[in-house]
Amino acid sequence: MTNINFHGIEMPNIGLGTWHMGSDPLTYREERDVIRMAVDNGVQAIDTAEMYGRGDAERLVGDALSEYDRSKIFLISKFYPRNAVEPQLSAALEASLKRLQTDYLDLYLYHWRGDAPLEQTVADLQALKKSGKIRHWGVSNFDIDDMTELVDVPGGDQVFANEDLYNIGERGIEYSLLPWQRKRDIPLIAYSPVDAGDSRQHELLYSPGLIQIAERHDATPYQILLAWAVRDQQTLAIPQTSNPEHLMANIHAGDIHLTKVDLDVLDQSFPGPSKKEPLAII
Ligand SMILES: NC(=O)c1ccc[n+]([C@@H]2O[C@H](COP(=O)([O-])OP(=O)(O)OC[C@H]3O[C@@H](n4cnc5c(N)ncnc54)[C@H](OP(=O)(O)O)[C@@H]3O)[C@@H](O)[C@H]2O)c1
């Protein structure tokens with residue numbers, strides 16, 4: 001597997017998302033087994049949130065990994081904006097830890113920005129970090145204005161990562177946010193890296209440019225979408241899947257090296273932004 005280095009922490013560039021998992025009794029066991037299979041095959045980053053299935057996804061992850069070596073897993077969860085200050089923040093964290101059957105999170109993300117003063121949220125997150133219940137904190141769905149404001153509040157420069165929607169059909173963050181983050185060594189976690197749930201997915205997957213590159217690498221178009229999302233070797237992608245074959249394909253996609261020629265072909269089909277675009281959000 002190809003590793004990335006997030007502030008000194010090495011982990012494979014492909015993780016596993018868990019949105020929409022854990023709520024359906026008919027698919028629960030398959031989903032649990034896929035999470036185990038992911039970790040058995042070297043995946044470290046597991047992304048979940050208190051929001052997903054109102055705790056069902058966290059419960060599923062906790063159930064799947066209760067017997068695993070905790071130190072081998074990089075567990076990410078997220079809190080609602082309404083829980084972004086104390087005492088709600090600690091209560092939300094405790095509930096997540098309980099569902100996840102663990103006593104700490106590797107990364108706790110502010111799911112999207114709400115009305116709470118950023119200074120207060122950062123101070124409260126820094127206190128949780130000190131307590132050891134979270135190793136790091138970060139943000140999600142933050143655009144460049146939010147990030148600029150964030151790093152200016154006391155402790156705001158401790159932000160570990162920003163998790164935003166990023167795939168070959170949604171390249172808007174390349175215009176200013178991504179270069180800004182790179183300059184400050186704030187990693188990107190790319191969610192929806194294969195553009196799921198978006199009507200563009202059909203269009204993406206049938207693009208002749210994408211199919212040509214997939215054939216060149218003896219890979220599926222989905223794998224090329226993932227390889228593209230992590231091409232800078234500084235990004236973590238967190239595709240969601242409940243399918244063991246897709247899981248293995250996704251893990252292998254992290255090792256596909258796209259050449260300059262490949263990237264040029266893909267740029268022709270999916271041009272990058274030429275001006276600032278509103279942040280894409282699901
Ligand atoms: N921070 C946020 O606000 C935010 C927002 C959205 C998502 N997320 C996180 O990011 C994760 C991923 O995003 P997402 O779930 O929106 O979209 P995604 O990962 O881009 O796509 C997931 C969909 O693609 C299919 N898929 C995955 N790999 C495949 C493969 N190799 N071949 C064919 N189909 C494949 C899955 O179906 P199968 O099960 O059939 O494989 C699933 O329907 C979420 O689960 C969540 O953890 C975060």
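Counting starts at 1 for both ligands and their atoms, following the listed order.
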Item to check | Residue pair S77 / A49: nearest heavy atoms and the distance that separates them | outcome: OG-CA, 3.4 Å
Checklist entry - Counting each atom of ligand 1 from 1 as listed, which ones have a heavy atom of S140 under 4.0 Å away? => result 1 (N), 2 (C), 3 (O)
Checklist outcome for this item: Going by the 4.0 angstrom heavy-atom rule, the piece of P193 near ligand 1 is both
Checklist entry - Under 4.0 Å from ligand 1, counting heavy atoms only, is it the side chain of N250, its backbone, both or neither? => result side chain
Item to check | D47: numbered ligand 1 atoms lying under 4.0 Å from its heavy atoms | outcome: 9 (C), 46 (C), 47 (O)
Checklist outcome for this item: One finds that the ligand 1 atoms under 4.0 Å from a non-hydrogen atom of D195 are 20 (O)
Next on the checklist: Between D103 and R70, does any side-chain N to carboxylate O distance fall below 4.0 Å?
Outcome noted: no
Checklist entry - Regarding R135 and the six-membered ring of Y104, is the cationic atom NZ or CZ under 6.0 Å from the ring centre and inside 45° of its axis? => result yes
Next on the checklist: Just to be sure I read this right, does ligand 1 sit under 4.0 Å from the backbone of Y222, its side chain, both, or neither, counting only heavy atoms?
Outcome noted: side chain
Checklist outcome for this item: Counting heavy atoms under 4.0 Å, the part of K78 that contacts ligand 1 is side chain
Item to check | Y108 vs K133, side-chain hydrogen bond (donor to acceptor under 3.5 Å, both in side chains): CA-CA, chis, key distance, verdict | outcome: CA-CA 10 Å; Y108 202 26; K133 290 190 175 178; over 6 Å; no
Checklist outcome for this item: Which of D264, L263, L258 passes side-chain contact (heavy atoms from CB on, under 4.5 Å) with K260? It is D264
Next on the checklist: Taking distance alone, with N or O pairs closer than 3.5 Å, would you say T48 contacts ligand 1?
Outcome noted: no
Checklist entry - Which bit of N141 is near ligand 1, meaning a heavy atom under 4.0 Å away: side chain, backbone, both or neither? => result side chain
Checklist entry - Are D56 and R99 close enough for a salt bridge, meaning some N to O gap below 4.0 Å? => result no
Item to check | Contact summary for A161 and L109, nearest pair of heavy atoms | outcome: O-CD2, 4.4 Å
Checklist outcome for this item: For I238, the ligand 1 atoms with a heavy-atom partner under 4.0 Å come out as 9 (C), 10 (O), 11 (C), 12 (C)
Checklist outcome for this item: Closest to atom 27 (C) of ligand 1 by heavy-atom distance, out of E31, Q240, H252, H246, is Q240
Item to check | Ligand-residue contact atoms, ligand 1 with H111, heavy atoms, under 4.0 Å | outcome: 1 (N), 2 (C), 3 (O)
Checklist entry - Does ligand 1 have an atom that lies less than 4.0 angstrom from a heavy atom of Y52? => result yes
Next on the checklist: Using a 4.0 Å cutoff against the non-hydrogen atoms of T18, which atoms of ligand 1 qualify?
Outcome noted: 45 (O), 47 (O)
Item to check | Check: N141 side chain, H111 main-chain N or O, donor-acceptor pair, under 3.5 Å | outcome: yes
Next on the checklist: With a 6.0 Å cut-off (strictly less than), is the heavy-atom count around CD of Q212, excluding the residue itself, greater than 12?
Outcome noted: yes
Next on the checklist: For ligand 1, which is the ligand I care about here, please tell me if I282 has any N or O atom under 3.5 Å from one of the ligand's N or O atoms.
Outcome noted: no
Checklist outcome for this item: Of I189, T48, I46, the one forming a side-chain contact (heavy atoms from CB on, under 4.5 Å) with I76 is I189
